[in-house]
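Note sheet for the following structure.
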Amino acid sequence: MQNETAAALYQEFGRLVVPVDDVRTSYFSEYGWDTFRRKLFSGALKLPCLQLTEGQKAKLYVDVRDLADYLDARRDAARRDLRRKSVV
């Protein structure tokens, strides 16, 4: 399924690496920029970010394949949780 998710994300964003703020707006809109950034850097949000250039002011990006992995993992966790609740 991951390849399908990555392909859908590539189609949505039109590029392989997406500015982190576009990812936040599309998938994590419940977080303000500061909270989202804090969660990324603390590891609370398991989503790798990359910089295309060096320096403190370099923009952050997310590879759509990493975002696809993250979304697929969240989907799988939700399905496991639902199965556990259904068994009870």
Side-chain angles (χ1 to χ4, degrees):
M1 178 70 96
Q2 194 272 341
N3 288 333
E4 293 174 21
T5 306
L9 289 168
Y10 181 79
Q11 187 172 10
E12 176 184 347
F13 290 110
R15 55 182 124 181
L16 186 59
V17 291
V18 180
V20 75
D21 199 45
D22 291 352
V23 172
R24 184 193 63 81
T25 301
S26 293
Y27 290 95
F28 302 94
S29 59
E30 67 273 18
Y31 299 131
W33 172 243
D34 290 334
T35 301
F36 183 65
R37 188 177 173 95
R38 193 169 39 254
K39 286 184 175 289
L40 284 173
F41 291 139
S42 72
L45 189 58
K46 306 272 189 253
L47 188 61
C49 294
L50 60 109
Q51 294 175 309
L52 300 179
T53 59
E54 304 260 339
Q56 286 184 317
K57 293 186 179 184
K59 290 185 178 182
L60 292 173
Y61 294 86
V62 174
D63 188 302
V64 294
R65 294 167 294 188
D66 292 329
L67 181 57
D69 289 342
Y70 176 84
L71 294 174
D72 287 343
R74 298 294 296 168
R75 184 199 65 234
D76 292 344
R79 286 180 174 175
R80 283 190 304 274
D81 189 45
L82 179 62
R83 277 195 298 270
R84 253 194 327 271
K85 290 176 183 175
S86 298
V87 172
V88 174

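Not measured: the values here are computed from a predicted model.
- Between D76 and R80 there is no salt bridge, since none of the side-chain N atoms of the basic residue sits less than 4.0 Å from a carboxylate O of the acidic one.
- To the nearest 0.5 Å, atom CZ of residue R84 and atom CZ of residue R79 are 14.5 Å apart.
- A pairwise comparison of heavy atoms in A68 and A6 identifies CB-N, 3.6 Å as the closest pair.
- L16 and L67 fall within the same hydrophobic cluster, defined by Ile, Leu, Val, Met, Phe, Trp and Tyr side-chain heavy atoms under 4.5 Å apart, directly or through other members.
- The structure places CZ of R15 at 7.0 Å from OH of Y61, a figure rounded to the nearest 0.5 Å.
- For the pair L9 and L71, the minimum side-chain heavy-atom distance is below 4.5 Å.
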Name every donor-acceptor pair, under 3.5 Å, that has one atom in a side chain of residues 33-44 and the other anywhere in the protein, sequence neighbours excluded.
from, atom 1, to, atom 2, distance (Å)
T35, OG1, R38, NH2, 3.4
S42, OG, R38, O, 3.1
S42, OG, K39, O, 3.3
S42, OG, A44, N, 3.2

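- The 12-atom threshold is not exceeded at CD of E54, counting heavy atoms of other residues, nucleotides or ligands nearer than 6.0 Å.
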Begin with the C-alpha distance, continue with both residues' side-chain angles, and end with the deciding distance and a verdict on salt bridge (Lys or Arg N to Asp or Glu O under 4.0 Å) for D69 and R65. CA-CA 6 Å; D69 289 342; R65 294 167 294 188; over 6 Å; no
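- D21 pairs by the salt bridge (Lys or Arg N to Asp or Glu O under 4.0 Å) definition with R24, not counting sequence neighbours.
- Transitive grouping of hydrophobic side chains (ILVMFWY, heavy atoms separated by less than 4.5 Å) brings V20 and Y27 into a common cluster.
- Put simply, OG1 on T5 and CG on D72 are 3.5 Å apart, with the number rounded to the nearest 0.5 Å.
- Atoms CD and CD, from Q51 and Q56 in turn, are 9.5 Å apart once rounded to the nearest 0.5 Å.
- Across L47 and D66, no two heavy atoms sit closer than the pair CD1-O, 3.8 Å.
- Side-chain contact between Y70 and V62 is absent, with no heavy atoms from C-beta onward closer than 4.5 Å.
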